[in-house]
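Not measured: the values here are computed from a predicted model.
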Amino acid sequence: MLSISLALPMLFTMLIHAADSLSYALRLGGLRTRRIALAISLAGILLLVSRTSNMAQGPMIGSLVDTAARGANPHFAAQLHWLMGAATIGTAIAIFCFPTMVKLSSRMVVHFEAAGSIPGMVRNLLKRSKIRNAAYYITPPSWQMAKRLVQHGMPRRLMLLNVAVTAIYTTGVLSSLYAAYLYPAQAVAASQSTGLINGMATILLTILIDPRISLLSDRSLRGEIRLDRMNQIYGCMLISRLFGTMLAQVLLIPLAYWIGWIVGMM
């Protein structure tokens, strides 16, 4: 069941979710250096990694659907669950790398401001002295970091929303592809119905999550919220992403049947 045709899209899925999750580290690094606009610009690098991986991942998953449609892949549903498991692994890797990435992001923002461009920053960071100094910033997660996440109250509502959004995004494309497999007569319509699922996540993200995070970040820059509190909030958001990828495992098949029902009424 686990083959090269499955291992490659799993690898790209891990990269997508690790890159998306580590964008939190860049934002937090921007807050620490009080250069949030520069940090958001640098987050475009991670977004580029995510989008490039997503472009490469699509045809690979499509080939799994084609194989399953010919009856040559009886483990198609299990393979989709493996792909979502890779999303969980990618997010877990991001959690492990988060403290290190926050420290590196703080330095990257400063170097970006000094260099004036991303290519210039990259040239500076690739100098031998800078590479040797990078080891200084390696900071594995600790038990004290985990304890600080639950101090002063966790943003439960924001976390629950983030769990829901992450779960929907994680399973959106895969559910539509599984619906195409379940309903071969409407395969094309089902495979193009990702927006039915991801649209809900986009609305939640745009209206309820991103504005709240932006508001808290602005208040932190004005000194109204302690930086420790923002460290906790971003850490909680990262943990909620992990639980969201796990919830996606449960939503995969129900959402596939829901897409089939919607497409069948069109």
Exercise for the section: For side-chain contact (heavy atoms from CB on, under 4.5 Å), just list the numbers for V263 and Y183, CA-CA rounded to whole Å, side-chain angles, deciding distance to a tenth of an Å, and then say yes or no. Expected result: CA-CA 9 Å; V263 170; Y183 302 93; over 6 Å; no
Check salt bridge (Lys or Arg N to Asp or Glu O under 4.0 Å) between [X] and all other residues, then give those that pass, not counting sequence neighbours.
{"X": "R212", "answer": "none"}
{"X": "R107", "answer": "none"}
{"X": "R222", "answer": "E224"}
{"X": "D210", "answer": "none"}

Give the minimum heavy-atom separation between [X] and [Y], together with the two atoms involved.
{"X": "R35", "Y": "T33", "value": "NH1-O, 2.8 Å"}
{"X": "L216", "Y": "M230", "value": "O-SD, 3.7 Å"}
{"X": "A18", "Y": "A94", "value": "O-CB, 3.9 Å"}
{"X": "S176", "Y": "V173", "value": "OG-O, 2.6 Å"}
{"X": "A179", "Y": "G260", "value": "CB-N, 4.4 Å"}

Exercise for the section: Tell me who clusters with I93, hydrophobic residues only, linked when side chains sit under 4.5 Å apart either directly or through other members. Expected result: M14, I89
In chain order, what residues pass the side-chain contact (heavy atoms from CB on, under 4.5 Å) check against [X], with sequence neighbours excluded?
{"X": "P119", "result": "S117, R123"}
{"X": "L11", "result": "none"}
{"X": "D20", "result": "I16, S50, R241"}
{"X": "A39", "result": "V109"}

Distance-only check: which donor-acceptor pairs under 3.5 Å involve side-chain atoms of residues 162-171, not counting sequence neighbours?
from: N162; atom 1: ND2; to: M237; atom 2: O; distance (Å): 3.0
from: N162; atom 1: ND2; to: S240; atom 2: OG; distance (Å): 2.8
from: T166; atom 1: OG1; to: N162; atom 2: O; distance (Å): 2.8
from: Y169; atom 1: OH; to: T202; atom 2: OG1; distance (Å): 2.8
from: T170; atom 1: OG1; to: T166; atom 2: O; distance (Å): 2.6
from: T171; atom 1: OG1; to: S175; atom 2: OG; distance (Å): 2.8

Got a second to check how far [X]'s [atom1] is from [Y]'s [atom2], nearest 0.5 Å?
{"X": "C236", "Y": "M159", "atom1": "SG", "atom2": "CE", "result": "4.5 Å"}
{"X": "L26", "Y": "L104", "atom1": "CG", "atom2": "CG", "result": "10.0 Å"}
{"X": "M10", "Y": "L15", "atom1": "CE", "atom2": "CG", "result": "12.0 Å"}
{"X": "L252", "Y": "L174", "atom1": "CG", "atom2": "CG", "result": "6.5 Å"}
{"X": "S105", "Y": "Y24", "atom1": "OG", "atom2": "OH", "result": "14.5 Å"}
{"X": "M246", "Y": "T91", "atom1": "CE", "atom2": "OG1", "result": "9.0 Å"}

Problem - Heavy atoms from other residues, nucleotides or ligands near CZ of F243 exceed 12 (cutoff 6.0 Å) - result: no
Problem - L83 vs L6 side-chain heavy atoms within contact, under 4.5 Å - result: yes
Handout entry: Of L31, V102, I239, the residue whose pairing with Y234 passes side-chain contact (heavy atoms from CB on, under 4.5 Å)
Key =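 Considering L31, V102, I239, a side-chain contact (heavy atoms from CB on, under 4.5 Å) with Y234 is found only for L31.
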Tell me whether [Y] is reachable from [X] by hopping between hydrophobic residues (I, L, V, M, F, W, Y) whose side-chain heavy atoms are closer than 4.5 Å.
{"X": "L208", "Y": "L238", "result": "yes"}
{"X": "L227", "Y": "L221", "result": "yes"}
{"X": "L161", "Y": "I203", "result": "yes"}
{"X": "V110", "Y": "L28", "result": "no"}
{"X": "F96", "Y": "F98", "result": "no"}

Handout entry: Qualifying side-chain hydrogen bond (donor to acceptor under 3.5 Å, both in side chains) pairs, either residue in residues 242-266, two or more places apart
Key =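 side-chain hydrogen bond (donor to acceptor under 3.5 Å, both in side chains) check on residues 242-266 returns H81-Q249, T88-T245.
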Problem - Residues in side-chain hydrogen bond (donor to acceptor under 3.5 Å, both in side chains) contact with R27, at least two apart in sequence or another chain - result: none
Handout entry: Ring centre gap for Y181 and F76 strictly below 6.0 Å
Key =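 Y181 vs F76: aromatic centres under 6.0 Å.
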Exercise for the section: Start with the C-alpha distance between L158 and I213, add both sets of side-chain angles, then the distance that settles side-chain contact (heavy atoms from CB on, under 4.5 Å), and finish with yes or no. Expected result: CA-CA 9 Å; L158 202 57; I213 294 295; 3.7 Å; yes
